[in-house]
Amino acid sequence: QVQLVESGGGAVQAGGSLRLSCAASIQINNAFGMGWFRQAPGKEREFVAARWNAGWTYYGDSVKGRFTISRDNAKNTVDLQMNSLKPEDTAVYYCAVQAAWRGSSETGNAGAYDYWGQGTQVAVSS
């Protein structure tokens, strides 16, 4: 069983930055995709970003140009650098792992991810 633990959430003013980190309990191999999703109250879980070790990187439309995902297989971590934060970025952010490549069309599909963290809260005030 893979355990994922997120950290780095908090409260920030609009225009500020936060960096989230996710640590996995097992060795993340090259075949694993690691991603971030978020869920605001009353809304569905939304894809934020994902990265495969082949260098394939994907972002949700609402965060392109502002967020950057990075991963370190040696440390079994995936980070999310969030810049130019907006109030609409307020949500619980979840780290997720996809244990096998299921195609680019599944990158943003929460149902295609096999393991999830407990989430970390991000609150952006105006």
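Note that the structure is a prediction, hence the values are computed from the model and not measured. In what follows, residues are counted from 1 in the order of the sequence shown.
The backbone N or O of Lys75 sits less than 3.5 Å from a side-chain atom of Asp72, completing a donor-acceptor pair. With Thr120 contributing its side chain and Gly9 its backbone, the two residues share a donor-acceptor pair below 3.5 Å. Arg102 places a side-chain N or O within donor-acceptor distance of the main-chain N or O of Ala112, the cut-off being under 3.5 Å.
No side-chain donor from either of Ser84 and Arg66 sits under 3.5 Å from a side-chain acceptor of the other. For the residue pair Ser62/Glu46, the side-chain donor-acceptor check at 3.5 Å is satisfied. A donor-acceptor contact closer than 3.5 angstrom is absent between the side chains of Gln81 and Asp79.
For Gln39, the side-chain contact (heavy atoms from CB on, under 4.5 Å) partners at least two apart in sequence or on another chain are Arg45, Tyr94.
Considering Gln121, Glu6, Met82 as possible partners of Tyr93, the one that fulfils the side chain to side chain contact (heavy atoms under 4.5 Å, CB included) test is Met82.
A 4.5 Å side-chain heavy-atom check between Asp114 and Gln98 finds at least one atom pair inside the cut-off. Side-chain contact between Tyr58 and Arg51 is absent, with no heavy-atom pair separated by less than 4.5 Å. Two residues are said to be in side-chain contact when any heavy atoms from C-beta on lie closer than 4.5 Å; Val92 and Val122 fail this criterion. Thr57 places none of its side-chain heavy atoms less than 4.5 Å from the side chain of Trp52.
Taken together through direct or relayed side-chain contacts under 4.5 Å among Ile, Leu, Val, Met, Phe, Trp and Tyr, Val97 and Ile26 form part of one hydrophobic cluster.
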- Message: side chain to side chain contact (heavy atoms under 4.5 Å, CB included) for Phe67 and Asn83? Distances and angles first, verdict last.
- Response: CA-CA 6 Å; Phe67 291 10; Asn83 298 328; 6.0 Å; no
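Atom CG in Leu4 sits 11.5 Å away from atom OG1 in Thr77 (nearest 0.5 Å). In this structure, Arg38 CZ and Leu80 CG are separated by 9.5 Å, a value rounded to the nearest 0.5 Å.
Residue pairs satisfying the ring pair (Phe, Tyr, Trp, His ring centres under 6.0 Å) criterion with at least one member in residues 103-126, sequence neighbours excluded, are listed as follows: Phe37-Tyr113, Phe37-Trp116. Applying the disulfide (SG to SG under 2.5 Å) rule to pairs touching residues 80-126 yields Cys22-Cys95, sequence neighbours excluded.
In this structure, Glu88 places its CD atom where more than 12 heavy-atom neighbours from other residues, nucleotides or ligands lie under 6.0 Å away.
Of all heavy-atom pairs spanning Tyr59 and Phe47, the tightest one is C-CE2, 3.7 Å. When all heavy atoms of Leu18 and Leu85 are compared, the closest pair comes out as N-CD1, 3.8 Å. When all heavy atoms are compared, the tightest approach of Val124 to Thr90 is N-OG1, 2.8 Å. Of all heavy-atom pairs between Ser125 and Pro87, the closest is C-CG, 4.4 Å.
A salt bridge links Lys64 to Asp61: at least one charged side-chain nitrogen sits closer than 4.0 Å to a carboxylate oxygen.
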